[in-house]
Amino acid sequence: MILFVDKDDQTSGFLRLTSVSFARTSPNPMDRRMDIAAYFLSLMSVLDMEGETHENIREISLMIASDYVKPKNKFQAFIKRFPVLLIRSRIGKLLIRYLEKKLRIADIPMGSSPG
């Protein structure tokens with residue numbers, strides 16, 4: 001279970017734990033990123049309550065974030081570069097044309113209403 005630590009003003013310094021475990025199964029893509037955001041907010045809250053300076057909190061957070069996004073092996077590095085390689089290929093250009101047709105919205109002349 002993933003918990004988010006929140007400093008509650010009414011309890012004068014006690015921590016309120018809020019579960020974000022629903023985020024992994026949510027259909028909303030923004031919810032799926034909530035677990036890493038909860039970890040960072042919890043880290044910052046705990047370090048702030050321990051009296052760490054904002055500069056130290058920033059440095060620790062940046063070290064964790066850069067380690068999180070850094071590829072761990074050659075396969076992950078390839079997967080990270082794959083979208084760029086795909087878009088430059090002939091198949092990628094066809095895919096972009098297909099998506100452009102799918103997403104194109106007809107222009108509405110000035111002064112007329114869409115309905």
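We're numbering straight along the sequence, starting at 1.
Contacts of Glu52 classified as side chain to side chain donor-acceptor pair (under 3.5 Å), with partners at least two apart in sequence or in another chain: Asn56. Under the side chain to side chain contact (heavy atoms under 4.5 Å, CB included) criterion, Phe82 pairs with Phe78, Leu86, sequence neighbours left out.
To the nearest 0.5 Å, atoms CD1 (Ile60) and CD (Glu55) are separated by 10.5 Å. In this structure, the separation between CD on Gln76 and CG on Asn73 is 4.5 Å, given to the nearest 0.5 Å. One distance of note links CG of Asp67 with CG of Leu62; it measures 12.5 Å at 0.5 Å rounding. Here His54 contributes atom NE2 and Asp48 contributes atom CG; the two are 5.5 Å apart, rounded to the nearest 0.5 Å.
Heavy atoms only, all atoms of each residue included: Lys93 and Arg88 are closest at CE-O, 4.0 Å. Closest approach of Ala77 to Pro71, counting heavy atoms only: N-CB, 3.6 Å.
Annotation for Leu94: atom CG counts as buried by contact number, over 12 foreign heavy atoms lying within 6.0 Å. The environment of NZ in Lys72 is crowded: more than 12 heavy-atom neighbours from other residues, nucleotides or ligands sit within 6.0 Å.
The residues Arg97 and Glu100 are annotated as not salt-bridged, no charged nitrogen and carboxylate oxygen being separated by less than 4.0 angstrom.
When hydrophobic residues (I, L, V, M, F, W, Y) are linked wherever their side-chain heavy atoms come within less than 4.5 Å, the members clustered with Ile87 are Ile96.
Residues Leu47 and Tyr68 are members of one and the same hydrophobic cluster, defined by side-chain heavy-atom contacts under 4.5 angstrom among Ile, Leu, Val, Met, Phe, Trp and Tyr.
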